[in-house]
2 protein chains.
Amino acid sequence: MNIKQLKDDEVRVQIFKALADPARLEIIRVLRDKGDEMGCGEIGENLALSKSTISYHFKTLREAGLTTTRREAREKFVKLRYDTFEQYFTNFLDSL
Amino acid sequence: MNIKQLKDDEVRVQIFKALADPARLEIIRVLRDKGDEMGCGEIGENLALSKSTISYHFKTLREAGLTTTRREAREKFVKLRYDTFEQYFTNFLDSL
DNA sequence: TCTATAATTCTAAACATATCGAACTAAAAG
DNA sequence: CTTTTAGTTCGATATGTTTAGAATTATAGA
């Protein structure tokens, strides 16, 4: 187990933790279905969670590298980072 | 969000939780490298964790459907369930 | 049968995560 | 300048995860 692998695993662990929650899976699914960026509020509307909890989930996804966020006036817009999914899910076992 | 999706997400969450740990990623990597089943003891030797902790990690992987276990005499042998990886990692976003 | 080996289960602890409401920040609208 | 809107941060709490050591189970061998 070399040092590079330890670092890579930290990233993988953070990604898998981010994915290991039903609310966050749903956020990803909604963004995938839309195929484009969406406002945080619009995504959160269907989520039966407090705004602080929803904000926490967006942060978790962003810090894991699974989304990016852009501010426009008072709103924030989120989109999926397809590059991250590509990198960590395509041929997962071989790339591990 | 239909009922089938809720059930599917439970499975996904369990799989991602199982993958969100460096020791378990290492177990999977060792099995992938071997390309065949391995004894629990042999895998555990390089893991700097107590035997009870290692047993817990094997259980976590098995219960998530990522491995199967076979007993032979006093030993147990573990192997990867490639079908599960195939199902949940190939085209992850589309299948979500 | 007694002992050694391989692994699991139990118990307790230390640590991490998910959740909410309240307080806060930033920006538009009045 | 005050109010409204959109989202974040803080503090507290409940729940879940990881870990080790001790006790336990299962099996092989002397």
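Bear in mind the structure is a predicted one, so any value in this text is a computation, not a measurement. Chain naming here is simple, since letters A, B, ... match the order of the sequence lines and numbering starts at 1 in each.
- Residues satisfying the side chain to side chain contact (heavy atoms under 4.5 Å, CB included) test with A:Ser50, not counting sequence neighbours, are A:Ser52, A:Thr53.
- Residue pairs meeting the side chain to side chain donor-acceptor pair (under 3.5 Å) criterion with at least one partner in residues 35-46 of chain B, sequence neighbours excluded, are B:Glu37-B:Arg70.
- Looking at A:Met38 and A:Phe77, their side chains never come closer than 4.5 Å, going by heavy atoms from C-beta outward.
- Residues A:Lys51 and A:Ile54 have side chains not in contact (no heavy-atom distance under 4.5 Å, counting atoms from C-beta outward).
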Whether each nucleotide of nucleotides 25-30 of chain C has a protein heavy atom under 4.0 Å at its base (B), only at its sugar-phosphate (S) or at neither (-) is summarised, 5' to 3', as --BBS-
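- The nearest whole Å value for the distance from the CE atom in B:Met38 to the C1' atom in C:dA6 is 16 Å.
- For the pair A:Leu61 CG and C:dT17 C1', the interatomic distance rounds to 14 Å; values are reported in whole Å.
- Looking at B:Arg29 and B:Glu26, a side-chain N of the basic residue comes within less than 4.0 Å of a carboxylate O on the acidic one, giving a salt bridge.
- Every salt bridge (charged side-chain N to carboxylate O under 4.0 Å, His left out) that B:Lys4 has, sequence neighbours left out, goes to B:Asp8.
- By the salt bridge (charged side-chain N to carboxylate O under 4.0 Å, His left out) test, B:Asp83 pairs with B:Arg81, sequence neighbours left out.
- In this structure, SG on B:Cys40 lies 8.5 Å from CD1 on B:Ile27, to the nearest 0.5 angstrom.
- Residues passing the side chain to side chain contact (heavy atoms under 4.5 Å, CB included) test with B:Arg71, sequence neighbours excluded: B:Lys76.
- Between A:Ile54 atom CD1 and C:dT19 atom C1' there is a gap of 11 Å when expressed in whole angstrom units.
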Cut-off 3.5 Å, no hydrogens considered: what does the side-chain donor-acceptor table look like for residues 14-22 of chain A, sequence neighbours left out?
residue	atom	partner	partner atom	Å
A:Gln14	NE2	A:Glu63	O	3.1
A:Asp21	OD1	A:Ala23	N	2.9
A:Asp21	OD1	A:Arg24	N	3.2

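- Computed from coordinates, the B:Phe16 CZ to D:dT17 P distance equals 16 Å when rounded to whole Å.
- Contact check, B:His57 against D:dT19: a side-chain N or O comes under 4.0 Å of OP1 or OP2.
- Take the nearest nucleotide of DNA chain C for B:Phe77 and for A:Asp21: the residue whose nucleotide is more 5' is B:Phe77.
- A heavy-atom distance below 4.0 Å to DNA chain D is reached by these residues of residues 41-50 of chain B, ordered by number: B:Leu49, B:Ser50.
- Residues from residues 27-37 of chain A placing a heavy atom under 4.0 Å of any atom in DNA chain D do not occur.
- Remark: B:Leu93 engages A:Ile28, A:Arg32, A:Leu80, A:Tyr82, A:Phe85 in a side chain to side chain contact (heavy atoms under 4.5 Å, CB included) (not counting sequence neighbours).
- With sequence neighbours left out, the side chain to side chain contact (heavy atoms under 4.5 Å, CB included) criterion links B:Arg62 to B:Lys59, B:Thr67, B:Thr69.
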N/O contacts under 3.5 Å, protein versus nucleotides 9-16 of chain C?
none

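- You'll find the side chain of B:Tyr88 reaches within 4.5 Å of the side chain of B:Val11, heavy atoms only.
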